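Values below: all heavy atoms of this structure, side chains included; hydrogens, waters and symmetry mates excluded. What you see is a predicted model; the values in this text were computed from it and never measured. For ligands, and for the atoms within them, numbers begin at 1 and follow the listed sequence.
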Amino acid sequence: MRLLVLGGTGFVGRHIVECALARGDEVTLFNRGRTAPGLFGDVEQLRGDRAGDLGALRDGGPWEAAIDVTGYRPGEVAASSQLLAGRVERLTFISTISVYRDLSRAGADETAPLAPPPGRGGWEDYGALKALCEQAVRAALPGRALTVRPGIVAGPHDPTNRFSWWVARLARGGRVLAPGAPDRPLQLIDARDLAAFVLAATAARVTGVYNAAGSSDLTWGAMLDACARGTGAELVWVPDAALLAAGIDESQLPLWIAASSADSAGFMRIDSSRAVAAGLRHRPITETARDTLAALRPEDGPGLDVALEARLVGG
Ligand SMILES: NC(=O)c1ccc[n+]([C@@H]2O[C@H](COP(=O)([O-])OP(=O)(O)OC[C@H]3O[C@@H](n4cnc5c(N)ncnc54)[C@H](OP(=O)(O)O)[C@@H]3O)[C@@H](O)[C@H]2O)c1
């Protein structure tokens with residue numbers, strides 16, 4: 001298909017573009033040219049800024065479909081979507097499971113209530129703003145919009161230092177602090193599985209809303225075992241209470257608060273069965289860990305103080 005990707009050189013966007021090119025799609029990119037400017041040198045590039053300079057979109061195309069990977073502000077998403085309504089047949093918007101109002105309970109599906117209108121519009125309003133972005137896309141292209149709500153995304157080239165943090169820590173070996181309990185659920189969707197689903201659904205003219213979180217079978221134990229393979233690392237499980245007493249927070253131990261606090265107990269228990277029925281497949285976590293390790297950057301590193309970790313694991 002002739003495909004426009006808004007924001008195709010970041011993490012999720014890069015995998016979407018790689019998947020599209022592998023499928024044989026004819027891809028055009030729209031971005032400012034700041035992120036990974038050398039990537040996809042053979043692909044048509046439109047330069048612009050969704051915060052105000054959409055001229056290249058007005059002049060380009062038409063396209064069969066567009067995928068908007070990097071929409072965060074409703075006004076900007078409304079402007080690009082309204083413009084694209086006359087340039088594309090359909091538009092796929094990459095949203096997030098953070099749009100849901102209440103993630104304290106397990107099993108949120110696509111019908112769960114959404115976050116109330118944003119307050120100050122800061123990072124704490126991420127989910128509420130994404131919910132308004134979704135609305136803006138649907139309003140601009142009624143009956144022609146697909147919304148995909150990923151959970152936490154993992155895989156090669158992830159700049160967020162969450163799953164890759166654990167891959168980097170396990171690769172260093174030794175006695176490794178494993179937070180909470182091994183049977184606690186953890187949902188991570190491999191960016192390549194997300195991309196495959198997004199592309200297939202977009203090509204098949206699917207519309208509507210789909211959660212796309214990780215497999216509901218994954219646990220912290222399985223994730224850490226996968227990252228520990230071949231490293232000689234020894235997992236030492238430390239209960240939440242001991243971690244909280246030591247003053248540890250999410251910045252020191254990525255993914256742990258999200259998995260352990262009462263407010264977000266459902267964050268790792270999202271219902272993606274609708275997407276699975278529509279073709280979403282999850283690769284084994286061992287594959288995600290292996291490929292993330294191969295693509296690690298120097299900055300993907302432990303934030304947990306080495307001495308504090310040693311004290312907590314008794315090493
Ligand atoms: N990572 C996760 O775990 C996770 C979980 C749930 C949902 N999501 C969703 O997945 C998406 C993340 O996408 P991503 O990882 O690819 O990173 P991203 O930071 O959202 O997007 C980066 C891309 O957008 C372009 N871009 C940034 N600002 C721009 C602007 N003002 N105008 C035009 N282009 C601009 C960048 O290129 P230039 O800098 O060259 O402009 C780059 O191509 C988001 O929609 C997020 O809500 C992510």
Task: Which atom of Phe267 lies closest to which atom of Ser98, heavy atoms considered - done: CE1-OG, 4.1 Å

Open item on the list: Using a 4.0 Å cutoff against the non-hydrogen atoms of Ser95, which atoms of ligand 1 qualify?
Closed with: 7 (C), 8 (N), 9 (C), 47 (O)

Task: Contacting atoms of ligand 1, where contact means under 4.0 angstrom from a heavy atom of Gly7 - done: 23 (C), 24 (O), 25 (C), 43 (O)

Open item on the list: Which heavy atom of Met223 sits nearest to which heavy atom of Leu218, and what is that distance?
Closed with: N-CD1, 4.1 Å

- [ ] Going by heavy-atom distance to atom 29 (C) of ligand 1, choose the closest among Arg32, His157, Arg47.
- [x] Arg32

Task: Residue Arg23 excluded, over 12 heavy atoms near CZ under 6.0 Å - done: yes

TODO: Give the residue, atom name and distance (to 0.1 Å) of the protein heavy atom nearest atom 22 (C) of ligand 1.
DONE: Gly10 CA, 3.9 Å

Open item on the list: For Gly127 versus Ala115, what's the shortest heavy-atom pair and its separation?
Closed with: C-CB, 4.5 Å

Task: Aromatic centroids of Trp220 and Trp166 separated by under 6.0 Å - done: yes

Open item on the list: Considering non-hydrogen atoms of the protein only, which is the closest contact for atom 36 (C) of ligand 1, and what is the distance?
Closed with: Thr35 OG1, 3.6 Å

Task: Proximal candidate to atom 14 (P) of ligand 1 [heavy atom criterion; set Thr9, Val12, Ile94] - done: Val12

Open item on the list: Distance check, rounded to the nearest 0.5 Å: Arg32 atom CZ versus Thr70 atom OG1?
Closed with: 8.0 Å

- [ ] Show which atoms of ligand 1 fall inside a sub-4.0 Å distance from at least one heavy-atom site of Ile152.
- [x] 3 (O)

Open item on the list: Would Lys130 count as a contact residue for ligand 1, given that I'm defining contact as a non-hydrogen atom of the residue lying under 4.0 Å from a ligand atom?
Closed with: yes

- [ ] Look at atom 12 (C) of ligand 1 and say which protein heavy atom is nearest, naming residue and atom and giving the distance to 0.1 Å.
- [x] Tyr72 OH, 3.7 Å

TODO: Give the atoms of ligand 1, by number and element, whose distance to some non-hydrogen atom of Tyr126 is under 4.0 Å.
DONE: 7 (C), 8 (N), 46 (C), 47 (O)

- [ ] Would you mind listing which atoms of ligand 1 come within a distance below 4.0 Å of any non-hydrogen atom of Arg34?
- [x] 38 (P), 39 (O), 40 (O)

Open item on the list: Show the atoms of ligand 1 that are less than 4.0 angstrom away from any heavy atom in Arg50.
Closed with: 30 (C), 31 (N), 32 (N), 33 (C)

TODO: Using distance alone, determine whether Pro150 and ligand 1 share an N or O pair under 3.5 Å.
DONE: no

Task: Leu129 CG to Glu124 CD distance, which is reported to the nearest 0.5 Å - done: 9.0 Å

TODO: Return the minimal non-hydrogen interatomic distance between Glu134 and Arg149, and the atom names on each side.
DONE: OE1-NH2, 2.7 Å

Task: Minimum-distance pair of heavy atoms, taken over all atoms of Pro117 and Ala128 - done: C-CB, 4.3 Å

- [ ] May I ask you to identify, for Ser98, whether its side chain, its backbone, both or neither come under 4.0 Å of ligand 1 on a heavy-atom basis?
- [x] neither

Task: Protein heavy-atom partner closest to atom 5 (C) of ligand 1 - residue, atom, separation in Å - done: Gly151 O, 3.1 Å

- [ ] Over all heavy atoms of both residues, which pair between Ala265 and Ser104 is shortest? Give the atoms and the distance, please.
- [x] CB-O, 3.4 Å

Task: Residue pair Leu170, Leu235: steps toward the side-chain contact (heavy atoms from CB on, under 4.5 Å) verdict - done: CA-CA 9 Å; Leu170 272 295; Leu235 299 177; 3.9 Å; yes

Open item on the list: Below the 3.5 angstrom mark, is there an N/O of Phe11, backbone or side chain, next to an N/O of ligand 1?
Closed with: yes

TODO: Give the contacting part of Arg149 toward ligand 1: side chain, backbone, both or neither, where contact means a heavy-atom distance below 4.0 Å.
DONE: neither

TODO: Give a yes or no on this: more than 12 heavy atoms of other residues, nucleotides or ligands lie within 6.0 Å of atom CD of Glu44.
DONE: yes

Task: Identity and separation of the nearest protein heavy atom to atom 48 (C) of ligand 1 - done: Val153 CG2, 4.2 Å

TODO: Show which atoms of ligand 1 fall inside a sub-4.0 Å distance from at least one heavy-atom site of Gly13.
DONE: 16 (O)

- [ ] Report the part of Arg162 (side chain from C-beta onward, or backbone N, CA, C, O) that has a heavy atom under 4.0 Å from ligand 1; answer both or neither where that applies.
- [x] side chain

Open item on the list: Can you tell me how far apart CG (Leu304) and OG (Ser251) are? Round to the nearest 0.5 Å.
Closed with: 9.5 Å

- [ ] Could you tell me whether some N/O pair between Val69 and ligand 1 is separated by less than 3.5 angstrom?
- [x] yes

Open item on the list: side-chain contact (heavy atoms from CB on, under 4.5 Å), that's the test. Do Val153 and Phe163 meet it? Break it down for me.
Closed with: CA-CA 8 Å; Val153 187; Phe163 177 65; over 6 Å; no

TODO: For Asp49, counting its heavy atoms only, list the atoms of ligand 1 lying under 4.0 Å from any of them.
DONE: 30 (C), 31 (N), 32 (N)

Task: Heavy-atom nearest neighbour in the protein, as seen from atom 21 (O) of ligand 1, with distance rounded to 0.1 Å - done: Thr70 OG1, 3.2 Å

